[in-house]
2 protein chains.
Amino acid sequence: MNDALDRGSLQGNQRTYTIGELAKMFEVTPRTIRFYEQEGLVSPLRQGQKRIYRDKDRVRLKLTLRGKRLGFSLAEIREVVLMYDAMPGGDALQLKRLLEIIAEKRSELDRQLEDIRLMRLEMDHVVQRAQEALSQLGQQEKQEKQEQI
Amino acid sequence: MNDALDRGSLQGNQRTYTIGELAKMFEVTPRTIRFYEQEGLVSPLRQGQKRIYRDKDRVRLKLTLRGKRLGFSLAEIREVVLMYDAMPGGDALQLKRLLEIIAEKRSELDRQLEDIRLMRLEMDHVVQRAQEALSQLGQQEKQEKQEQI
DNA sequence: GACGACGTTTACGTAAACGTAAAGCCGCAT
DNA sequence: ATGCGGCTTTACGTTTACGTAAACGTCGTC
């Protein structure tokens, strides 16, 4: 009855997802998503037993995975995400702490940019050397064929 | 007799280092460096029992740590580094494999650049919201003081 | 010649981030 | 009604990247 495009449901004008849908969407296993919940990174609603994820949770998951790709630990990611959530109502101290953390992360990102730049340079060198070596081998091959005549 | 600037030794016109020197230099523990050796990432010479590191090893360590900061596993780093070392003498197949691996890593780096860009944007938004909330709190404070008069 | 700083090996411990297996509930298509 | 796909919990297992402790060797120096 439902075709492949009709995934997820509509609840009170809010798009929702099952754990399996999100898992496929982000190419992780359901186990991973449950683990992230246990670590306080997503907080899906429940429909009886079943977890029911809203767009908010999908965004959380997206941010979490992006953080992971950048090498941040789940604990670090949670720290920022939870503070952000506590923002409307947080006191000045909390807000300043949040700004501090973000400043730290930002400088980490800057160091990463530099690391990427350097690593690219080195890769360029390696690629050059490898290609030279390859063309050398190509030449040698020709030589040997010539000698066979 | 030796002052602080006279670290390391000179062996056959080659600068060398002890494990402790390298450890301080890169802010890791000796244990970490020994572990990297066990994983085939550095191969120091031996002077009796003692490990003796050359510039080559220092560079290896530097590259390894840079890779780690970018979220690569030691196994991934080793793959590239070992192939690079086997380059002078590797056959065409090896060289092509090396180029393949590097191409993969490079595209990972590209995705990281994009991730960093996006994460920065989000951080900017968070910072803006936090600063607005802070100045709101500042205003409130003024208000309350006024009312006390 | 004892002491401290530094090095060594061996080996068990640990935190993070899941994987995997067992056992069971639920809706629904056959 | 039964089997199947997908969801659930519980719990133990695994990999990576080291930490930590024990027990010992080797300098330089006081």
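These numbers come from the heavy atoms of this one structure, side chains and all, not from hydrogens, waters or symmetry mates. All values reported here derive from a predicted model rather than from experimental measurement. In the text below, chain A, chain B and the rest are named by the order of the sequence lines, each starting its count at 1.
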* **Residue pair B:Y17 / B:R58, side-chain donor-acceptor N/O under 3.5 Å** =>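 B:Y17 vs B:R58: donor-acceptor pair found between side chains.
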* Between the main-chain N or O of A:L70 and the side-chain N or O of A:Q112, is there a donor-acceptor pair closer than 3.5 Å? ->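 A pair under 3.5 Å: yes.
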* **Distance, nearest 0.5 Å, that separates CG of B:L82 from CD1 of B:I77** => 11.5 Å
* Asked: When rounded to the nearest 0.5 angstrom, what is the spacing between CD1 in B:I19 and OG1 in B:T29?
  -> 8.5 Å
[atom1] of [X] versus [atom2] of [N]: gap in Å, rounded?
| X | N | atom1 | atom2 | answer |
| --- | --- | --- | --- | --- |
| B:L22 | C:dG7 | CG | P | 10 Å |
| B:R46 | D:dG25 | CZ | C1' | 14 Å |
| B:I19 | D:dT26 | CD1 | P | 18 Å |
| A:Q47 | D:dT8 | CD | C1' | 14 Å |
| A:Q38 | D:dT8 | CD | P | 14 Å |

* **Working for side-chain contact (heavy atoms from CB on, under 4.5 Å), residues A:M119 and B:R106** => CA-CA 9 Å; A:M119 188 158 282; B:R106 195 190 293 272; over 6 Å; no
* Sugar-phosphate only, base, or nothing, as touched by B:R34 at under 4.0 Å among non-hydrogen atoms -> base
* **salt bridge (charged side-chain N to carboxylate O under 4.0 Å, His left out) between A:D57 and A:R60, worked out** => CA-CA 5 Å; A:D57 300 300; A:R60 279 283 195 91; over 6 Å; no
* Asked: Counting only side-chain N and O atoms of A:R51, is one of them less than 4.0 Å from OP1 or OP2 of D:dC7?
  -> no
* Assign a letter to each nucleotide of nucleotides 10-26 of chain C from its 5' end: B, base within under 4.0 Å of a protein heavy atom; S, sugar-phosphate only; -, no contact. => -------BBBB------
